[in-house]
Amino acid sequence: MSEIQLNDSWKKRLRSTFESDTMAALKDFLRSEKKQGKVILPHSSLWFNALNSTPPDQVKVVILGQDPYPTPGHAHGLCFSVLPDVTPLPKSLINIYKELQDDLGISNHSGHLQPWAEQGVLLLNSVLTVASGQANSHQGKGWELFTDAIIEDLNNQTQPLVFVLWGAYAQKKGAIIDSERHVVIRSPHPSPLSAYRGFFGSKPFSKINQFLKQQGQTEIKWQI
């Protein structure tokens with residue numbers, strides 16, 4: 001795990017969380033998983049890809065996810081995103097793209113969302129690792145405290161941000177967000193189980209850009 005690196009700005013903001021007993025226990029858990037021969041996804045160099053791709057002073061939008069994809073070759077540290085050339089795309093991402101097409105007339109085929117992250121969209125999973133082939137296997141091990149600290153830090157910023165909370169899990173995770181200071185977009189999750197309950201037709205992408213334009217900020221180029 002020597003490849004693990006974190007942007008200095010984030011590291012400074014999250015220092016007290018890193019020094020907590022919960023994070024020490026998380027480190028011990030991950031070392032134990034490695035010693036048992038388990039493959040941890042994504043690669044350790046990508047655990048903090050979301051934070052490294054979107055430093056705190058560049059964050060405009062936060063999209064909250066849950067866990068990395070447990071399929072080898074898919075996850076790379078950004079929620080909902082997959083590595084280039086992955087086909088077929090995950091079903092939730094397919095539905096996100098359907099809504100993007102309906103909302104802004106944009107058709108994307110690659111599921112690699114790195115260009116979004118580099119424009120200020122923090123694509124943050126609640127849990128940053130998973131055991132290969134075992135969905136949700138690293139929940140409750142400490143990552144949630146770490147990502148709660150990120151959300152709290154961003155919530156305390158004076159610059160208004162857009163928080164996108166798709167589904168009950170993200171909405172519970174984002175309960176601390178001050179909706180008077182920030183824009184909070186809530187809808188059902190884009191998964192096939194819930195997308196037809198209100199995710200489709202929610203037009204989150206145009207809402208985000210409309211707000212950024214009102215704030216005098218550069219709009220997100222959603223085309224990939």
Side-chain angles (χ1 to χ4, degrees), residues 1-6 18 22-54 62-98 108-117 121-151 164-174 188-196 199 224:
M1 294 189 283
S2 60
E3 305 91 344
I4 299 172
Q5 294 185 350
L6 177 59
F18 268 116
T22 301
M23 290 303 289
L26 173 62
K27 291 175 186 176
D28 289 341
F29 167 75
L30 293 170
R31 289 192 187 102
S32 175
E33 292 280 278
K34 286 274 191 179
K35 286 180 180 178
Q36 294 176 47
K38 294 184 180 181
V39 176
I40 297 177
L41 301 176
H43 188 272
S44 56
S45 63
L46 295 170
W47 290 357
F48 297 127
N49 187 29
L51 300 177
N52 291 332
S53 299
T54 318
V62 182
I63 297 178
L64 290 181
Q66 192 163 342
D67 292 84
Y69 297 118
T71 304
H74 282 203
H76 66 108
L78 306 181
C79 70
F80 296 107
S81 182
V82 290
L83 286 165
D85 303 322
V86 168
T87 55
L89 297 180
K91 292 179 180 178
S92 291
L93 184 55
I94 289 173
N95 285 341
I96 289 170
Y97 279 178
K98 284 181 180 178
N108 283 340
H109 301 287
S110 169
H112 190 233
L113 305 182
Q114 191 72 34
W116 293 4
V121 182
L122 181 63
L123 295 163
L124 182 67
N125 274 317
S126 175
V127 176
L128 302 189
T129 59
V130 68
S132 178
Q134 300 177 42
N136 308 325
S137 52
H138 290 184
Q139 286 190 4
K141 304 300 182 181
W143 279 126
E144 292 91 344
L145 173 75
F146 178 71
T147 50
D148 280 348
I150 295 168
I151 295 168
V164 181
L165 310 178
W166 288 331
Y169 185 94
Q171 288 163 25
K172 183 178 179 181
K173 178 85 172 169
H189 195 275
S191 77
L193 295 174
S194 57
Y196 288 94
F199 173 76
I224 294 176

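Not measured: the values here are computed from a predicted model.
- Under the 4.5 Å side-chain criterion, counting only non-hydrogen atoms from C-beta, Q114 is in contact with L78.
- At a threshold of 4.5 Å between non-hydrogen side-chain atoms, the residues S126 and Y169 count as touching.
- We find the CG-CE distance between L26 and M23 to be 5.0 Å, quoted to the nearest 0.5 Å.
- Between H189 and F80, the ring-plane angle classifies as tilted under the 30° and 60° cut-offs.
- For the residue pair W143 / T129, a side-chain donor-acceptor distance below 3.5 Å is found, with atom types taken as modelled.
- Residue L128 holds its CG atom at 9.5 Å from CD of E144, rounded to the nearest 0.5 Å.
- Side chain of S191 to main chain of S92: no donor-acceptor pair is present (N/O by atom type, distance under 3.5 Å, no hydrogens or angles).
- Closest heavy-atom contact between V86 and L89: O-CD2, 3.5 Å.
- No side-chain heavy atom of V62 sits under 4.5 Å from any side-chain heavy atom of V164.
- Note on ring orientation: taking the six-membered ring where Trp is involved, the planes of F48 and F146 are tilted (angle from 30° to 60°).
- Scanning both residues, A195 and P190, for their nearest heavy atoms gives CB-O, 3.7 Å.
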Could you walk me through whether E33 and H138 pass the side-chain hydrogen bond (donor to acceptor under 3.5 Å, both in side chains) test, one step at a time?
CA-CA 10 Å; E33 292 280 278; H138 290 184; 3.1 Å; yes
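- Between D67 and Q139, the side chains place a donor N or O and an acceptor N or O closer than 3.5 Å (distance only, hydrogens not considered).
- For W47 (side chain) and G77 (main-chain N/O), no donor-acceptor pair under 3.5 Å exists by modelled atom type.
- The structure places OH of Y97 at 6.0 Å from OG of S110, a figure rounded to the nearest 0.5 Å.
- Looking at heavy atoms from C-beta onward, I224 lies in side-chain contact with W116 at the 4.5 angstrom threshold.
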Residue pair H76, S81: steps toward the side-chain hydrogen bond (donor to acceptor under 3.5 Å, both in side chains) verdict
CA-CA 7 Å; H76 66 108; S81 182; 2.6 Å; yes
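- Between D148 and K173 there is a side-chain heavy-atom pair separated by less than 4.5 Å.
- Side-chain contact annotation: H43 with S45, donor-acceptor N/O pair under 3.5 Å present.
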When you look at I63 and V121, which way does the side-chain contact (heavy atoms from CB on, under 4.5 Å) test go after all the steps?
CA-CA 7 Å; I63 297 178; V121 182; 3.9 Å; yes
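- Side-chain contact check for L124 versus T147: some heavy-atom pair is nearer than 4.5 Å.
- How far CZ of F199 is from CG of N95: 7.0 Å, rounded to the nearest 0.5 Å.
- Proximity of H74 to L83: side-chain heavy atoms (C-beta onward) are nowhere separated by under 4.5 Å.
- We find the CG-CG distance between N49 and L6 to be 11.5 Å, quoted to the nearest 0.5 Å.
- The heavy-atom pair separating N136 from V130 by the smallest distance is N-CG2, 3.9 Å.
- Atom NZ of K34 and atom CD1 of I40 lie 5.0 Å apart (nearest 0.5 Å).
- The closest side-chain heavy-atom distance from C79 to L64 is not below 4.5 Å.
- Proximity of a side-chain donor or acceptor of S137 to a complementary backbone N or O of Q134 within less than 3.5 Å is detected.
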